[in-house]
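A short worksheet on the structure shown next.
Throughout, protein chains are lettered first and strands after them, A, B, ... in sequence-line order, and every chain is numbered starting at 1. Predicted, not measured: the structure shown is a model, and the values here were computed from it.
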Amino acid sequence: MFNTTYGTTSVKTISKGRLLSVAVSLVSLGLAAGQAQAQDQQQGAQTVEERLGILEARLAEVEPKANGLEGFSFNTYARSGLLLGGDLQSAPGGPYLTPAGSVGGAVGRLGNEPDTYLEAILNYKQVAENGTKSHYRLMIADSTTSSNDWTAGDGALNVRQAYVEFSNLASFSGIFEDSSIWAGKRFDRDLNFDIHWLDSDILFLGGLGAGIYDVRFTDNVKSNFSLYGRSFIDFPADTDFVPEGSYSTDNLILTADNYFGNVQWTLSGMKAQDNNQRLVNGTTTSAAESGAHTMIAYHGDSFFGVSDGNFKLAVIHGQGLGAETKNIGADGDLHEDAVSTRVAVYGTTYLSDSWRFAPAILAETSEDRYIKGDDYQWLTFNARLAQELSANFEMQYEASWQTMDLKTMGYEGRNAVDGDYSRFTVAPTFKPQVGGFWNRPEIRLFASYSTWDDELENYAAGDPLGADSDFESGQWTFGTQMEVWF
Amino acid sequence: MFNTTYGTTSVKTISKGRLLSVAVSLVSLGLAAGQAQAQDQQQGAQTVEERLGILEARLAEVEPKANGLEGFSFNTYARSGLLLGGDLQSAPGGPYLTPAGSVGGAVGRLGNEPDTYLEAILNYKQVAENGTKSHYRLMIADSTTSSNDWTAGDGALNVRQAYVEFSNLASFSGIFEDSSIWAGKRFDRDLNFDIHWLDSDILFLGGLGAGIYDVRFTDNVKSNFSLYGRSFIDFPADTDFVPEGSYSTDNLILTADNYFGNVQWTLSGMKAQDNNQRLVNGTTTSAAESGAHTMIAYHGDSFFGVSDGNFKLAVIHGQGLGAETKNIGADGDLHEDAVSTRVAVYGTTYLSDSWRFAPAILAETSEDRYIKGDDYQWLTFNARLAQELSANFEMQYEASWQTMDLKTMGYEGRNAVDGDYSRFTVAPTFKPQVGGFWNRPEIRLFASYSTWDDELENYAAGDPLGADSDFESGQWTFGTQMEVWF
Amino acid sequence: MFNTTYGTTSVKTISKGRLLSVAVSLVSLGLAAGQAQAQDQQQGAQTVEERLGILEARLAEVEPKANGLEGFSFNTYARSGLLLGGDLQSAPGGPYLTPAGSVGGAVGRLGNEPDTYLEAILNYKQVAENGTKSHYRLMIADSTTSSNDWTAGDGALNVRQAYVEFSNLASFSGIFEDSSIWAGKRFDRDLNFDIHWLDSDILFLGGLGAGIYDVRFTDNVKSNFSLYGRSFIDFPADTDFVPEGSYSTDNLILTADNYFGNVQWTLSGMKAQDNNQRLVNGTTTSAAESGAHTMIAYHGDSFFGVSDGNFKLAVIHGQGLGAETKNIGADGDLHEDAVSTRVAVYGTTYLSDSWRFAPAILAETSEDRYIKGDDYQWLTFNARLAQELSANFEMQYEASWQTMDLKTMGYEGRNAVDGDYSRFTVAPTFKPQVGGFWNRPEIRLFASYSTWDDELENYAAGDPLGADSDFESGQWTFGTQMEVWF
């Protein structure tokens, strides 16, 4: 059932196209075999020019491998730290800790993450003799809130991506000349970008399938097309991850992702056969069998036109299974009449030589979401401020305010709540090189003060605000964390 | 209990043998330290010849690391895709989906694989000063049919191999001069080869142990010897993977694997103490405590002597615990009187410049396998055809036909069945470089038509043919998949 | 909740400081782009001197990546093998198999390890333009006694480390000039060293937190400071790994680790809020809420002053939660009055050109450990002897003797025992290069004879000595194993 042979014999296509000439190439390969005697003899017969040419050719073979352009390379996102309450015990946290978090309302991440989460990405890149490039990517990820040094029992190591992508295809031309094609399990290359400071994607599309990127119609107009199949999730409630039965593609999603200069317009249609038989709150309500999802976004290369920096603005609308506006097609409980609209905005700019500023807004309104008649409305305002103080040190500040009005109609035993949450964090931060919004790794210390309306504690008995009587509606948390990506 | 220190301090033996001379080596190492000032001074004092010599020596140190001959390297087998039925829901599949599949009867893989399966192989190679080479190999694998992007709950990430192998041993001579020795957990190097198109090994031996390869008696005669211990499995039913108690070597297997030119003759004896106390079908029948297994194979370097290509022909015979002809020693339910004989044949050839052809036959007869008096007979014929159409595109076709007559005597609640299964698949396929049978990666679309005798649905309630009333005995499936190895 | 973007875009700081000059650097980068035509033209215009300079600069960029000083590198500790009893079935084993093992009394590892344990360590090192270095380390580990080739059901793959460490910080000066800082999940760099032959750390500190290394007060005096939070463990009993609730930092540990020449003095204080409410043996006894732990050690650079080699001597004392002398802060069952003192000694030396010798003593006395009035005393003497016989082969011998007197007061149903255990092992060993105590990998065959007082079998029904009536108090075991680290 499992193929066990291929790992043991490596079949490669080797690109020799970069070598200066076939003659030099052959001599070079001979040298690379490391036979010192032969080398000595050759040197005797070679001019300085010849030896230089051979060295240059050999080095040109080695460089792309050392630089990760060919062969193996390694990428990572990781964070790990301690989040403590005033009682010196672990405090609940995470950007989705408020009631609005249950429907995507993130409140900002600085000083608010209790987990070790990491992605280990193993890449292997090859260039065929005809110039076609291929890229295999494997992503292994883990997530845990345990602070044990052995987490076999509560860790969650799993494979999130395993796909191949071909580019520079030798036989592709016309509008496909710059296209790349892919198949396997992946996060979409482009329908996957976030508001970093909220730890929330603006859009996330993942699953198994195939697609084509960069079909270029004119200099300024290009499109991506894909088919994804994915299981429904109740992210990240582990017990719901295992689908009944062992065949588990529940939702098929067709997408077109189109670019007109700085404007991105996506359109997705989806179909989950028999999903209307799903039990929601214990009865067959009318879970959606199909859905539609669209986003129009502007990727700005200034800070809203007023200063250097960048900004993104996105409006997302979804219906039926498309009414989960961020995780496209991931929520199977959505009602057939569900309608959601989300707005996401963020920007980054320098206020002065040493002060960085990054404000963000994320807001959503959603009706008939899970139960006919329910109504979810929330808005988060978040701002990150940083003062660069030395080559390795800066002070970071983050303020978050979230208002929510959630009429749940009893979905999953949750009560309707209406109120506000706010949090302010100070984080002395060390990094190898201060400067810019995206320089990592960082080592942080932090202290946060949070406060919220008591009513929010009634939403659900098991959530962070409702669960812990020690976690009062006005309190300090503190801790330390590293964050890295490369 | 666990050693936690060694990862933090790296102890290496560095081969300096390849350097042109010790003097050059020392200068080279000085340069490698990257002290630019020192380098400048040296350059002033060096002739062009000396600088060339140093560069050549430094590059000769770097090249084996960049090319994976020393240090870290990465290998992979992976596949991932969607397999859908006409109802747009996931379809059951896999080469072992028929009743004969329960006893090893694979039916062909193209357009028939519903899973994400991958092997990530991390190698580390060292060369000692005395020239002895060592190779550490770690294989992590995963298998899931979930199409979620988070599979902590239903993934299966685990370690399949972790062993070291020494070769070019400085002190070995005579018949051991070319030998390599190994210990740890591994798939055997040579008792592990497959019919790719069936996704079935002809032979697979894995477990924990030690052995020696390439004991060479004459130019044309050599042998491998090994001792493996392994747990019994009911592959891949997870619940049976955990042995009772925590000490779990159940079956000890001694093998001799001998080569006479193109002929391979293997002989394995095995012993599983107290296995006769095993309950099969709820009673103590007479499960085998020992077994014998032999294979004679011919590895041909033409297409059955009629055209260019290659072929393999193997006849396998086993008794008692050896009656699992493919997975040597892996099945603990086998009866003490069990007798199995399997034949495997495949070949590859080009029919014309652009048409490739690869036919295969796999067949087995087995008696008294699990219950005294049972009788299993099956035969699969499979053929893969490919038409190479451009630098990056080819059409692939696969036909499979399987006939089976299984008298189960009620083993595991299975009913006796007698009938045929057939399938035909068309798969438009993209690859970086078309050409040859083993070029990967591939990105495929596919559509399959399958049909089978209704009687086969009575075999077992839980199997793919019996379980799903939507999966009729004549139906279309389609999907997309990537496959890669390197 | 999970950041899914960063892995896809690599943000790197590239050190150009090592390049000979900015001018050369720019030409070099142009060449590195691999455009052969441009290269040809440049060569026409370049002198031999210029081409040599460019080559030297390009090679200096490649070398640190090939040598693991920048970018990705891979480290490992791994062992895997078979341990069999005279009945040819798996035998229980491990250095902690005696009753004293339940409180840390290891008895020596050679020929006594039944598991596959491995650590795969993925490093990524970067150098910022300002010279600050950063190091991300990920350690994935697995442990299993299964000898199946598929261990998804009983393997234990998990993440043990994920941290970043900064060194050579551009803006650090004075006593911090040589300091490095870190945050994340890790094993401490220095409070983590072992007696290899016992497979027991002398000290082990791990968890999540942050700290600073190498605060240098004078040439001879330096200190490390850290804050770790960690969950309590009952290592390695999996069922106890999952803490109740999902927020799991139970024990906060502050350490100062100070060096005065060869002397190391560590001091740790710890606090586990509400741990006094813990049930031990089913009742609220008086589990400790806080603890103190100290070690004074001497790291000798000879064999106890009498010959070449090295030795280490450590005395450890702990109270309350600090009374687990090795795994600092890992045991939550400790009584508030618990007091433990441990002594660890080992040394290594050559007795002659070909005989190596490494004796070790580990002993502990501990009172009121879990139940008021209990008393644990044990002492292990272990010696490893090796005779180097050829370039690739040596004979290894290990003798262990342990005496114990454990008055458990019924803790966890364990009975008081008083007695001795001894074991002698012979292990013919192959390695790439014989010589020194730390050269690995090794491939071993081994045979052991063990004997112990019958009384020790009464300690606990489920332990290796008590569980298996086939495992008599005087018996042979044998097997094979590989061990590797790099």
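Between the A:K133 side chain and the B:P432 main chain, no donor and acceptor come within less than 3.5 Å of each other. Looking only at distances, no side-chain donor or acceptor of B:D142 sits under 3.5 Å from a matching main-chain atom of A:N158. At least one donor-acceptor pair under 3.5 Å links the side chain of A:R160 to the backbone N or O of B:D149.
Nearest approach of B:Q433 to A:A128, heavy atoms of both residues: OE1-CB, 3.1 Å. Closest approach of B:G81 to A:L208, counting heavy atoms only: O-CD2, 3.2 Å. Contact between A:L252 and B:L88 at its shortest, heavy atoms only, is CD1-O, 3.5 Å. Between B:N148 and A:F232, the shortest heavy-atom contact is ND2-O, 4.0 Å. Counting all heavy atoms, side chain and backbone alike, B:E63 lies closest to A:V62 at CG-CG2, 3.6 Å.
Contact of B:I443 with chain A is made through backbone and side chain together, with heavy-atom distances under 4.5 Å. Within the 4.5 angstrom heavy-atom criterion, only side-chain atoms of B:L157, from C-beta onward, approach chain A. Within the 4.5 angstrom heavy-atom criterion, atoms from both the backbone and the side chain of B:E49 approach chain A. Both the backbone and the side chain of A:I181 come within less than 4.5 Å of a heavy atom of chain B. Heavy atoms of A:K271 lying under 4.5 Å from chain B belong exclusively to its side chain.
With a 4.5 Å cut-off on side-chain heavy atoms, A:F166 and B:N392 do not count as touching.
Distance check: B:S80 OG to A:Q161 CD gives 10.5 Å after rounding to the nearest 0.5 Å. Distance OH/A:Y136 to OH/B:Y77: 10.5 Å, rounded to 0.5 Å. In this structure, NZ on A:K65 lies 12.0 Å from OG on B:S73, to the nearest 0.5 angstrom.
A perpendicular orientation is assigned to the rings of B:F430 and A:F172, their planes being inclined by more than 60° (bins at 30° and 60°).
When each of B:T116, B:L118, B:T144 is scored by its heavy-atom pairs under 4.5 Å with chain A, the top score falls to B:L118. The candidate with the highest count of non-hydrogen atom pairs below 4.5 Å against chain A, out of B:S390, B:P441, B:A391, B:A120, is B:P441.
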